[in-house]
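Everything numeric in this text was worked out from a predicted model, so none of it was measured.
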Amino acid sequence: MATPAAVARRRILDTLHQWGVIGEVCDDVALVASELTANAETHTVHGPLQIELTLDRHHLTIAVRDDSPAQPVTRRVSEVCEHGRGLAIVLALAHGLGCESTSTHKTVWATFAVPDEQLPAVPSGLPFCPGMAWSRSFTDGLAA
C-alpha cells in the first residue's frame with residue numbers, strides 16, 4: 001500500500017499534467033507535497049489529511065490540512081540525522097510558506113511562481129479566462 005506522501009505526489013503530478021503545467025515547477029511541487037504530507041501524517045492525531053492544489057495564471061499553491069493544531073517548526077539538524085530536513089527543503093523550493101491553525105487543525109501551504117514557459121496558452125480540457133483559478137482537493141487514500 002502506498003504511503004499518503006506517495007499518493008499525494010502522484011495525484012499532484014497527474015493534476016498538473018492535466019492542467020498543462022510543465023517543467024521544473026512540477027517536480028518542485030511534487031517534492032513539497034510529499035514533504036508536507038509526510039509531516040502532516042507524522043503529526044496528525046486521527047486523520048484524514050486534505051490536500052488542495054490551486055493554480056491561477058502565475059501562482060500555484062499547495063495546502064495540506066491535518067487535525068493537529070501544532071505549528072511546524074524548522075530545526076537545525078546534524079548531518080547524521082535521518083529526519084528534520086523537510087521544512088528546509090520546502091523553504092528552498094517554494095516561493096512562500098505559511099501556516100494557519102485553529103484549536104482543532106492546521107493548514108500548511110506553500111506557493112510557487114510559475115513562469116510563462118511552464119504554463120500552456122490554454123490548459124487542455126479547461127476553459128481559461130485571465131485571473132481564473134483551478135483547484136483540486138484530495139482526501140481519499142490520504143488517511144494517516
Are [X] and [Y] packed together at the side-chain level, in the sense that at least one heavy-atom pair is separated by less than 4.5 angstrom?
X	Y	answer
Gln50	Val64	no
Val108	Asn39	no
Leu55	Thr15	no
Leu53	Thr61	no
Leu31	Glu35	yes
Leu36	Val90	yes

Compare every heavy atom of [Y] with every heavy atom of [X], then report the nearest pair and how far apart it is.
X	Y	answer
Val25	Phe112	CG2-CB, 4.0 Å
Ala33	Ile12	CB-CG1, 3.8 Å
Lys106	Cys99	CD-SG, 4.0 Å

| Glu24 side, atom CD; Glu117 side, atom CD - distance, nearest 0.5 Å |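 It comes to 10.5 Å.
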| CG of Leu97 to CD1 of Ile62: how many Å apart, nearest 0.5 Å? |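 So the CG of Leu97 and the CD1 of Ile62 are separated by 11.5 Å.
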| Sidechain-backbone polar pair: Thr37 side chain, Pro4 backbone, donor-acceptor under 3.5 Å |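 Between the backbone of Pro4 and the side chain of Thr37 there is no qualifying donor-acceptor contact (under 3.5 Å).
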| said: Holding to side chain to side chain donor-acceptor pair (under 3.5 Å), I want the full list of residues that pass it with Ser34, two or more places apart in sequence or in another chain. | reply: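 Counting only residues at least two positions away or on another chain, Ser34 forms a side chain to side chain donor-acceptor pair (under 3.5 Å) with Arg9.
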| remark: side chain to side chain donor-acceptor pair (under 3.5 Å) filter on Asp67, not counting sequence neighbours, yields Thr44
| Trace of the side-chain contact (heavy atoms from CB on, under 4.5 Å) decision for Cys26 with Leu13 | CA-CA 6 Å; Cys26 294; Leu13 286 171; 4.1 Å; yes
| Connected via hydrophobic side-chain network under 4.5 Å: Ile51 and Leu93 | yes
| Would you say Val114 and Val32 are hydrophobically clustered, going by side-chain heavy atoms of ILVMFWY under 4.5 Å? |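 Val114 clusters together with Val32.
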| Within residues 91-103 or reaching into it, pairs that qualify as side-chain hydrogen bond (donor to acceptor under 3.5 Å, both in side chains) - sequence neighbours excluded | Gln71-Ser101, Thr102-Thr104, Thr102-His105
